[in-house]
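Below: the structure, in structure tokens.
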Amino acid sequence: MAKANVDNLKRLRAWVQNYDWGRCGTEAQVARLLALNSGAEIEPERPYAEFWMGTHDSGPSFLDDDNGEGGNLGLKDWILKNPNVLGHKVLKKWGPDLPFMFKVLSVAKPLSIQAHPDKELAKELHKLKPNIYKDANHKPEMALALTEFRALCGFITLEELKGVLIDVPEIVELVGTALAKQVLDIDRQDGAEKAKYALRSVFTQLMSASKDMATKAISKLKSRLHVESQLRCLTDKEQLVLHLDKQYPGDIGVVAAFFFNYVKLNPGEALYLGANEPHAYLSGECIECMATSDNVVRAGLTPKHRDIQTLCSMLTYKQGYPEILKGFPLSQYITRYLPPFEEFEVDRCILPKGALAVFPAIPGPSIFLVFLGKGTLCTGSREDVVKEGDVLFATSNTEISITTTSELQVYRAGVNSRFFHAAL
């Protein structure tokens, strides 16, 4: 790697998580980036799930040896020693640490049905179970699709839920006819709170079903769908449920999938998730950005620790299809994705051969990931060659211009620009 400007840029070595839902070996973009970023050898049978860039203790980035400060100096420690690199407003709001985490995900099989706690609950959970809930921060997040990306996200509408209770008798068997009737009897005059209460009751009852009850219900569901598939085309959701059962046989999360929106993102589309919103990523690869936290409350489609009571009590029970962000043009080659959270935003730069893109100086830090290609990055009077797999930390108030002789794909994470405007 060429040596970067020690004042404005730090090259980073990223961290990889090998969770079992990750894509294996060279099938994973995460593995490709790891090999390019650190020279690590890729094991063909090993899952490569998440490529982490940031300061979280569960997967910290380190300054690269070429920075001349030693390869064992963590980005977090370097920021602690040089807090002004964050900029005054960021330092004042969040202290001497990055408020966001930046990731690439390679998803081969579904992640758990999960939600992330708000700040108040995160503090409480961290205090009660620090071995499970590793920090006291909230974790709003955004996924930006690199490939077609599929997810379950948020609850379906009341009308759709009524349809599920009519069409899926196995769910009524699990929750009981009284609770099902409570949902079916709601009309528009009853108001949102009554609908929310009924949804919460029926979902909590479903998720609390015993393993034996869940296994029997799923077995009945599969038999019924097998018969019906001879007579009609199964819906996307029904096909998904059968697919989930192959991966997590007899898991209550298989049936719970009927309650959630089935979202398919095309490359370049993004989905954001606030605190206490249920979701499960299913397949595909994405860029992900979030507040600096690794708190996850799980309740289905997982071999990991489940905290069903906490999950069911913490959810907002908002209903309806999530907002899909398509980004807006920051300039000719840069698209910005701006979620409603202070901690982060993401820029996507697709630069054709011979073109120039400029990332304006901002009053906060950024992390850049060179995802594809090779180019020249300029800060002030200094030029550096960057290539795919490179990760760079840029200090506040650093203007960066990039040129390329091939096609270049770069992603940037930074503090949400709305935060700086609000702080004026």
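For the single chain, residues carry numbers from 1 onward in sequence order. Values reported hereafter were calculated over all heavy atoms of this structure, with side chains retained and with hydrogens, waters and symmetry mates removed. Keep in mind that this is a model prediction, so the values were computed, not measured.
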Take Asn295 and Asp135, measure what side-chain hydrogen bond (donor to acceptor under 3.5 Å, both in side chains) needs, and give me the verdict at the end.
-> CA-CA 7 Å; Asn295 283 325; Asp135 56 74; 2.9 Å; yes
Take atom NZ in Lys264; do more than 12 heavy atoms of anything else shown fall under 6.0 Å from it?
-> yes
Thinking salt bridges, do Lys216 and Asp212 make one under a 4.0 Å N-O criterion?
-> yes
salt_bridge(Lys103, Glu50) N-O dist < 4.0 Å | yes
Might you confirm whether atom NZ of Lys211 has over 12 heavy atoms from other residues, nucleotides or ligands at distances under 6.0 Å?
-> yes
Can Asp167 and Lys237 be counted as an ion pair, charged N to O under 4.0 angstrom?
-> no
Check step by step if side-chain hydrogen bond (donor to acceptor under 3.5 Å, both in side chains) holds for Glu285 and Ser106.
-> CA-CA 5 Å; Glu285 295 184 284; Ser106 293; 2.5 Å; yes
Could you walk me through whether Ser112 and Gln114 pass the side-chain hydrogen bond (donor to acceptor under 3.5 Å, both in side chains) check?
-> CA-CA 6 Å; Ser112 55; Gln114 59 184 253; 3.0 Å; yes
Would you say the ring centroid of Tyr411 lies under 6.0 angstrom from that of Phe368?
-> no
Report, as yes or no, whether the 6.0 Å neighbourhood of atom CD on Gln239 holds more than 12 heavy atoms from other residues, nucleotides or ligands.
-> yes
Closest heavy-atom contact between Pro267 and Leu146?
-> CB-O, 3.6 Å
Among Lys123, Glu343, His116, side-chain hydrogen bond (donor to acceptor under 3.5 Å, both in side chains) partner for His138 | Glu343
In terms of the angle between their ring planes, are Phe155 and Phe260 parallel, tilted or perpendicular, with boundaries placed at 30° and 60°?
-> tilted
Test log, rule side-chain hydrogen bond (donor to acceptor under 3.5 Å, both in side chains), inputs Ser366 and Arg412 = CA-CA 7 Å; Ser366 299; Arg412 170 197 159 265; 2.9 Å; yes
May I ask you to check whether Tyr197 and Tyr317 place their ring centers less than 6.0 Å from one another?
-> no
Cation-pi geometry met for Arg32 and Phe371 (6.0 Å, 45°) = yes
Stacked cation flag Lys109 on Tyr248, 6.0 angstrom / 45 deg = yes
Phe344 vs Phe341 aromatic rings, parallel, tilted or perpendicular, using cut-offs 30° and 60°?
-> tilted
